[in-house]
Amino acid sequence: MTFLTKSTLVLLAALGTTAIALRAADVTENFEANCASCHGKDGKGETKAGRKAKVKDFTDKAYQAKFSDADAMKAMKEGMKDEAGKERMKSYTDKLNEEEMKALVAQIRSFAK
Ligand code: HEC
């Protein structure tokens, strides 16, 4: 009985660690696949497309303070347009679900730490 309980715990712990590792990889993968072309793998936006789109530096705390988590969710859901209505960033509702978007907000926040 004791053996069973212990091995169950060990198994659960192992499964838990794997789940966490998978989640973290998913966020990074989502960011690199959808966002890094403009925002850069490091969030600085120093890519060709990033310079063209005039993205700002996610490692800059002052910039991060200018948008809320809700603004970030809105940007991913509705995209961003300039004053003339020209698209600067597209909507990602066809690629990412609510959960994935929330994880991306946390990923973006982590660039400025
Ligand atoms: C085509 C280039 C491009 C891609 C790809 C892109 N963005 Fe953006 N993003 C922009 C631009 C441009 C801005 C606006 C910068 C500014 O404030 O002037 C922006 C702004 C943002 C903001 C700030 C929102 C606000 O309210 O100020 C967030 C958060 C963001 N992007 C997240 C993402 C995430 C997450 C992805 C991937 C799912 C992504 N972006 C992909 C171009 C891009």
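This chain uses plain numbering: 1 for the first residue, then up along the sequence. Order of appearance sets the numbers: ligands from 1, and atoms from 1 within every ligand.
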Query raised in the report: Ile108 and Gln64: which non-hydrogen atoms are nearest, and at how many Å?
Result: O-NE2, 2.8 Å
Requested in this report: Quick one: closest heavy-atom pair of Ala36 and Lys41, and the distance?
Outcome: CB-N, 3.8 Å
Would you give the length of the straight line joining atom [atom1] of [X] to atom [atom2] of [Y], rounded to the nearest 0.5 angstrom?
{"X": "Leu104", "Y": "Met73", "atom1": "CG", "atom2": "CE", "value": "9.0 Å"}
{"X": "Phe31", "Y": "Asp26", "atom1": "CZ", "atom2": "CG", "value": "15.0 Å"}
{"X": "Leu96", "Y": "Lys77", "atom1": "CG", "atom2": "NZ", "value": "11.5 Å"}
{"X": "Asp42", "Y": "Phe58", "atom1": "CG", "atom2": "CZ", "value": "11.5 Å"}
{"X": "Lys54", "Y": "Asp82", "atom1": "NZ", "atom2": "CG", "value": "10.0 Å"}
{"X": "Met89", "Y": "Met76", "atom1": "CE", "atom2": "CE", "value": "6.5 Å"}

At what distance is the nearest protein heavy atom to [atom], and which residue and atom is it?
{"atom": "atom 12 (C) of ligand 1", "result": "Ala53 O, 3.3 Å"}
{"atom": "atom 18 (O) of ligand 1", "result": "Arg88 NH1, 3.0 Å"}
{"atom": "atom 33 (C) of ligand 1", "result": "Met89 CE, 3.3 Å"}
{"atom": "atom 38 (C) of ligand 1", "result": "Cys35 SG, 2.7 Å"}
{"atom": "atom 13 (C) of ligand 1", "result": "Met80 SD, 3.9 Å"}
{"atom": "atom 2 (C) of ligand 1", "result": "Cys38 SG, 1.8 Å"}
{"atom": "atom 28 (C) of ligand 1", "result": "Phe58 CZ, 3.7 Å"}
{"atom": "atom 25 (C) of ligand 1", "result": "Phe67 CB, 3.7 Å"}

Proximal ligand 1 atoms for [X], defined as those under 4.0 Å from one of its heavy atoms:
{"X": "Ala72", "answer": "29 (C)"}
{"X": "Val55", "answer": "10 (C), 11 (C), 12 (C), 42 (C)"}
{"X": "Ser37", "answer": "5 (C)"}
{"X": "Leu96", "answer": "38 (C)"}
{"X": "Ile108", "answer": "29 (C), 32 (C), 35 (C)"}
{"X": "Asn34", "answer": "5 (C), 37 (C), 38 (C), 41 (C)"}
{"X": "Met76", "answer": "35 (C)"}
{"X": "Ala75", "answer": "24 (C)"}

Query raised in the report: What part of Lys90, side chain from CB on, backbone N/CA/C/O, both or neither, has a heavy atom under 4.0 Å from ligand 1?
Result: neither
Query raised in the report: Is Phe31 in contact with ligand 1, taking contact as a heavy-atom separation below 4.0 Å?
Result: no
Query raised in the report: Is the shortest distance from a Lys or Arg side-chain nitrogen in Asp69 or Lys102 to a carboxylate oxygen in the other one below 4.0 Å?
Result: no
Requested in this report: Please answer: with hydrophobic residues joined when any side-chain heavy atoms are less than 4.5 Å apart, are Tyr63 and Phe111 in the same cluster?
Outcome: yes
Query raised in the report: Can the positive tip of Lys90 be found less than 6.0 Å from the middle of the six-membered ring of Tyr92, inside 45° of the ring normal?
Result: yes
